[in-house]
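In the text below, chain A, chain B and the rest are named by the order of the sequence lines, each starting its count at 1.
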There are 2 protein chains.
Amino acid sequence: MLTNLFEHIRKFVPLSEEEEQILAQYIEIRDVKKKDHLLKAGQVCQGNYFIIKGCCRAYFDSERDGEQIYHFAIENWWITDYISLEAHTPSESNIQALENTTYAVLYRDVQDGLFAAVPQLERYFRIILQKALTAAQLRVKYIFTQTGEERYHHFAGSFPDFVQRVPLYMIASYLGFTPEFISKIRAKKKA
Amino acid sequence: MLTNLFEHIRKFVPLSEEEEQILAQYIEIRDVKKKDHLLKAGQVCQGNYFIIKGCCRAYFDSERDGEQIYHFAIENWWITDYISLEAHTPSESNIQALENTTYAVLYRDVQDGLFAAVPQLERYFRIILQKALTAAQLRVKYIFTQTGEERYHHFAGSFPDFVQRVPLYMIASYLGFTPEFISKIRAKKKA
DNA sequence: CTGATTTCTTGAACTAGTTCAAGATTTTGA
DNA sequence: TCAAAATCTTGAACTAGTTCAAGAAATCAG
């Protein structure tokens, strides 16, 4: 069940079979159905979620324009609300399954114990976080230097899987514009 | 000279005096004058910069709208181009001093050696990166849920130091709009 | 298989923020 | 101390993307 996670970790740091065993004791595996929530606004986020099978989105409800999606995750991606996780404050965002999903949870309150037992996991997360930060900076770059149309084509080119699996109006939300606008872009392309 | 850095590290992990000595051997201290570059587009970014005294910006040249600033740093902030640093590819961005600046460099190629010598620094960077990622997610949130006007007031409220130290047109760039627009916002407030 | 729900499309009126251009003010370096 | 450079302001014309409204198409649960 945790094979995905073990392999993902091995891309960055060594991990023996004994260490796999230890890790497994610190991790909880869960299932959610499509549309169920891994985290709801108001709850304090308790951990980091690794998607084993399925697809999720993280979003907040903004009074102005309904839901604003800020992150997607599919197989082998981590997803969480760092704001809530770090500050121990109630989350302002929701994490929801877009398909029936199996995921692993690493709870915040056991994380340091795990790092003490398997020190190179501290390194693994350092590397993962650095990659996530790189991606976040790149995202800001694209938001500011590309038009909506360019951003849509760029995203569709970079993540064709998402365009398949996720409704277009959610991609519109993630990219920061309206579903109507995405429709108009596509209409243009056919012509 | 490295007192700032040592204290910053101690906010997150313990650090003995012997470890300070070791760390100091891995770090290089540099000075740049206002307007000089810590990193220029085209160079491969070689390390992570910690601002001891001064103020810098990171930006790329976009053909569409001139310079796009994606990060500022003042005393006790780290700044680098993770995209270039991580992929070992020529940077598309520039890091420039906005004041005469003293900074510490941790070079990529000695970083692992340092972590081996002082393991809790791996943890320090994990924590720092998590905070940076949180900030980056928050930034995307604000970009998408607030109007330009709200974003300006929010930024000015959260980072009054920057509004003092950095020209307004650079803040406009960082927030993703034009200097003219920021002028109009301020004109409105006075009225 | 079928009605209900979810997702996608289209068009017309609209607005937040841009662009261009020019002048005013502030800061800087020699 | 003063000219040059950098920064900030203002107004008028403009545009990328929104909003609203309504219908069409696709998907889903029972």
Side-chain angles (χ1 to χ4, degrees), chain A residues 33-36 54-55 57 59 62-69 72 96-101 142-156 162-191, chain B residues 32-37 54-57 59 62-69 72 96-101 140 142-156 162-191:
Chain A
K33 293 218 163 151
K34 182 170 177 173
K35 290 191 193 172
D36 278 355
C55 180
R57 63 168 179 154
Y59 65 97
S62 111
E63 62 265 29
R64 207 190 314 277
D65 357 70
E67 297 173 345
Q68 175 59 52
I69 297 176
F72 287 116
Q96 184 193 37
L98 301 177
E99 305 171 358
N100 294 340
T101 294
Y142 292 137
I143 290 170
F144 285 146
T145 60
Q146 301 186 325
T147 63
E149 185 163 355
E150 288 168 333
R151 242 180 302 144
Y152 170 70
H153 291 313
H154 185 267
F155 180 88
F162 281 101
V163 183
Q164 293 306 314
R165 287 170 82 167
V166 172
L168 274 185
Y169 73 89
M170 291 193 185
I171 290 173
S173 169
Y174 178 79
L175 293 174
F177 42 70
T178 58
E180 290 91 339
F181 183 60
I182 230 174
S183 259
K184 281 159 196 175
I185 292 171
R186 301 170 97 213
K188 217 187 271 183
K189 216 178 185 181
K190 276 181 214 142
Chain B
V32 274
K33 293 220 163 151
K34 182 169 178 171
K35 289 189 193 174
D36 277 356
H37 283 82
C55 179
C56 297
R57 64 168 178 155
Y59 66 96
S62 111
E63 63 266 27
R64 206 189 314 275
D65 355 71
E67 298 173 346
Q68 175 58 52
I69 296 176
F72 287 116
Q96 184 192 37
L98 301 177
E99 306 170 356
N100 295 339
T101 294
V140 172
Y142 292 137
I143 290 170
F144 284 146
T145 60
Q146 301 186 326
T147 63
E149 185 165 354
E150 288 168 331
R151 242 180 302 143
Y152 170 70
H153 290 313
H154 185 268
F155 180 89
F162 280 101
V163 182
Q164 293 307 314
R165 288 172 82 167
V166 172
L168 273 185
Y169 74 89
M170 291 193 186
I171 290 173
S173 169
Y174 178 79
L175 293 174
F177 43 69
T178 58
E180 290 92 339
F181 184 60
I182 229 174
S183 260
K184 281 160 197 175
I185 292 171
R186 301 171 98 213
K188 217 188 273 182
K189 217 177 182 182
K190 278 182 216 145

What's the [atom1]-[atom2] distance between [X] and [N], to the nearest Å?
X	N	atom1	atom2	answer
B:N100	C:dT27	CG	P	17 Å
A:I185	C:dT9	CD1	C1'	13 Å
A:K188	C:dT10	NZ	P	13 Å
B:L168	D:dC8	CG	P	4 Å

Under the side-chain contact (heavy atoms from CB on, under 4.5 Å) rule, collect the residues that match up with [X], sequence neighbours excluded.
X	value
A:S183	none
B:E149	B:T147, B:H153, B:I185, B:K188
A:S173	A:Q68, A:I69

Which pairs count as salt bridge (charged side-chain N to carboxylate O under 4.0 Å, His left out) when at least one residue sits in residues 162-181 of chain B, sequence neighbours excluded?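 Pairs touching residues 162-181 of chain B that pass the test: B:E75-B:R165, B:E99-B:R165.
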Residue pairs involving residues 167-178 of chain A (criterion salt bridge (charged side-chain N to carboxylate O under 4.0 Å, His left out); sequence neighbours excluded):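 Of all non-adjacent pairs touching residues 167-178 of chain A, none passes salt bridge (charged side-chain N to carboxylate O under 4.0 Å, His left out).
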Protein-nucleic acid N or O pairs under 3.5 Å, nucleotides 24-30 of chain D:
none

Bending between helix ends of the helix from C:dC1-D:dG30 to C:dA30-D:dT1 [5 pairs per end, 10° resolution]: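 Axis angle across the helix from C:dC1-D:dG30 to C:dA30-D:dT1, nearest 10°: 70°.
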Under 3.5 Å, which protein N or O atoms sit close to an N or O of nucleotides 15-18 of chain C? Give each pair with its distance.
| from | atom 1 | to | atom 2 | distance (Å) |
| --- | --- | --- | --- | --- |
| C:dG17 | OP1 | B:G148 | N | 2.8 |
| C:dT18 | OP1 | B:T178 | N | 3.4 |
| C:dT18 | OP2 | B:T178 | N | 3.4 |
| C:dT18 | OP2 | B:T178 | OG1 | 3.0 |

Applying side-chain hydrogen bond (donor to acceptor under 3.5 Å, both in side chains), name anything that partners [X], two or more places apart in sequence or on another chain.
X	result
A:Q96	A:R57
B:R151	none
B:Y59	B:H37

D:dC8, OP1 or OP2 - any side-chain N/O from B:R186 closer than 4.0 Å?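 It does not, given that no N or O in the side chain of B:R186 lies less than 4.0 Å from OP1 or OP2 of D:dC8.
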Is any side-chain heavy atom of A:T145 less than 4.5 Å from a side-chain heavy atom of A:E150?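 Heavy-atom side-chain distance check fails, nothing below 4.5 Å.
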Do A:L175 and A:Y142 make a side-chain contact, defined as non-hydrogen atoms from C-beta onward lying under 4.5 Å apart?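 Counting from C-beta outward, A:L175 and A:Y142 never come under 4.5 Å.
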Set of residues satisfying ring pair (Phe, Tyr, Trp, His ring centres under 6.0 Å) with respect to B:F177, sequence neighbours excluded: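 Partners of B:F177 by the ring pair (Phe, Tyr, Trp, His ring centres under 6.0 Å) criterion, ordered by chain and then number, come out as B:F181.
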Taking the minimum atom-to-atom distance to the side chain of B:A187, which one of D:dT10, C:dC8, D:dC8 wins?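 The answer is D:dT10, which lies nearest to the side chain.
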